[in-house]
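Below is one structure, written out as C-alpha cells; the observations come after it.
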There are 2 protein chains.
Amino acid sequence: MEFKESKEKFIQSWGVLGSSWGINRTMAQIHALLLISPEILSTEEIMSELQISRGNANMNIRALMDWGIVTKHFKTGERKDFFFADKDIWEIARKITKERSKREIEPVIRILNELKGVEGESAEIKQFKQTVGDLESFTSKLNSVVDKFVKSDEHWFYKNLLKIVK
Amino acid sequence: MEFKESKEKFIQSWGVLGSSWGINRTMAQIHALLLISPEILSTEEIMSELQISRGNANMNIRALMDWGIVTKHFKTGERKDFFFADKDIWEIARKITKERSKREIEPVIRILNELKGVEGESAEIKQFKQTVGDLESFTSKLNSVVDKFVKSDEHWFYKNLLKIVK
DNA sequence: CTGAACTTTCAGTAATTATTGAAAGTTAAT
DNA sequence: ATTAACTTTCAATAATTACTGAAAGTTCAG
C-alpha cells in the first residue's frame, strides 16, 4: 500500500473511532495527523491536510491542548504557532482516561450517592435503591482501577495487569 | 428528595452519561427505566413514562435487546410484549464491554495491523510505523485485559483487580 | 504608534443524528 | 378468511452537533 493511502486510512479510521467514543471526528483526525508527524505542524498545514476551515482547526486544536495531549511550539524567526502531539501512547491513554474519569465518572458517582438516600419501602423504591446502590458500588470500584492506571507507568501495567491476564 | 424526583434525575443522568459514551440518550433512558423497575414493562408504559413515540421506543428497545441487556417477556393472557432488564451490574458491564470490544476495538486492531506493513525509510514513514506499531501494541494489550474481564465473574474481579488497586 | 501577521470568536449554515407517526406488516383468535 | 391487537418500518421532520469564514482581537517589529 502507498504511504499516502495508508496515512489517509489511518486518519480516517482514527476519526471514526473517535466519533464512536464521543470525541468529534475532526479532533480525532487532527490528533491522528499530529501523531504520525515527526515534525511540529502549523495551523495552515493542518487545515490543508485535512481540508478544514481555520475556525474548525483552531477550536479542535485548542480542545486537544485542553486534554493535555497536544502542545504549542515555536520556530525561531517565525511568528506562527506550531503544534506537536506527545507520541507516548501510555501517556496519552493516561491523560484521556484521567480527563474522562473527571468529566464523566466522578459526576455520576456524586449523583448516585445523592440518590441512594431516597426514603420508602415499596417494591418500586426497594428496586431503585438496590440498583442505584449496585451502580454506585460498581462505578466506584471501576474508578479506583482507573485511578490506579492514571497514576501508573507502563512498567506497572506490565508487572500487574498483564500478569493477571495470563 | 421525593421518589418521583429521584427517579426522574436517575433517568436523566443515565441519558446524559450514555450520550457522552456514544450511546443514544433515549436508549440509555429506557435502560435506566427498566433497571429500576421491579416489574416487566410494556412498550406503552415505556412510551408514556419517557414521553416518546412508538417508533422510537421500538427501535431503542430492539437495540437494547441486540446488546443482550434487555429481554422480551410475556404475561399469560396478554398479547403484548413486555420487557425486562437484567439487574446484575457485572453482567451488564461484561456484555457492554464485549460488544464494544467487538464493534470498535477489534476492527481498529485489524486496520492497524494492515497499516504496519507500509514500506519506506523516510523520517515521515518511520514515525508512521512507530506510531501505528505502538498503537497496535497498546490496543492489543488493552483488548486482552478487556477480554479477561469479559470472561470473568465478579469474584475474579475482587480477587485480582481489586487486590492490585490497593 | 502603526500595521502586518497571526489567532480567536461567533453568527449563520451545513451535516448528522434522532424522533415522529402513520402505514404496512404480523399474529392469532374466532 | 376476517379482523382486532399488536409490532415494525420508514419517509418526513425536528433536534443536535459540527463547520465555515469573515470580522474582531492580539501581538509585536519597525
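Excluded from the calculations below are hydrogen atoms, water molecules and symmetry mates; all remaining heavy atoms, backbone and side chain alike, are included. In what follows, every chain begins at residue 1, and chains take the letters A, B, ... in the order their sequences are listed.
Closest to the B:Lys80 side chain, of the nucleotides D:dT7, C:dC6, C:dT8, is D:dT7. Here C:dT19 is the nucleotide among C:dT19, D:dT8, C:dC6 with the atom lying nearest to any side-chain atom of B:Asn56. Nearest to the side-chain atoms of B:Ser53 among the listed nucleotides C:dT19, D:dT7, C:dT8 stands C:dT19.
One atom, CG of A:Asn60, and another, C1' of C:dC10, lie 15 Å apart when rounded to the nearest Å. With rounding to whole Å, A:Gln51 atom CD is found 15 Å from D:dG21 atom C1'. Between the CZ atom of B:Arg54 and the C1' atom of D:dA11 there is a distance of 19 Å, given to the nearest Å. When rounded to the nearest whole Å, the span between CD of A:Glu45 and C1' of C:dC6 equals 15 Å. Between the CD atom of B:Glu78 and the P atom of C:dA28 there is a distance of 15 Å, given to the nearest Å. Rounded to a whole Å, the CG atom of B:Asn24 is 11 Å from the P atom of D:dT17. Across the protein-nucleic acid pair, A:Ile52 atom CD1 and C:dA15 atom P stand 16 Å apart, rounded to whole Å. Rounded to whole Å, the distance from CG on A:Asp81 to P on C:dT8 is 6 Å.
Taking 4.0 angstrom as the limit, A:Thr26 places a side-chain polar atom (N or O) nearer than this to OP1 or OP2 of D:dC19. The side chain of B:Asn58 contributes no N or O atom lying less than 4.0 Å from OP1 or OP2 of D:dT7. A:Arg62 has a side-chain polar atom (N or O) that falls below the 4.0 Å cut-off from OP1 or OP2 of C:dT9.
By the 4.5 Å heavy-atom criterion applied to side chains, A:Asn60 and A:Leu64 are not counted as neighbours. Counting heavy atoms from C-beta on, the side chains of A:Phe74 and A:Arg79 never come closer than 4.5 Å. Put simply, the side chain of B:Phe84 does not reach to within 4.5 Å of the side chain of B:Glu39, judged on heavy atoms. With contacts defined as side-chain heavy-atom distances shorter than 4.5 Å, the pair A:Trp90/A:Phe149 qualifies.
Within a 6.0 Å sphere centred on NZ of A:Lys98, heavy atoms belonging to other residues, nucleotides or ligands number 12 at most.
Between the B:Thr131 side chain and the B:Phe128 main chain, no donor and acceptor come within less than 3.5 Å of each other.
Side chain to side chain, A:Thr139 and A:Glu136 fail the donor-acceptor criterion of an N or O pair below 3.5 Å.
Of the residues near DNA chain D, A:Met59 and B:Arg25, the one whose nearest nucleotide (by heavy atom distance) lies more toward the 5' end is B:Arg25.
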Using nucleotides 24-28 of chain D, report all nitrogen or oxygen pairs with the protein that are shorter than 3.5 Å.
residue	atom	partner	partner atom	Å
D:dT27	O2	A:Arg79	NH2	2.8

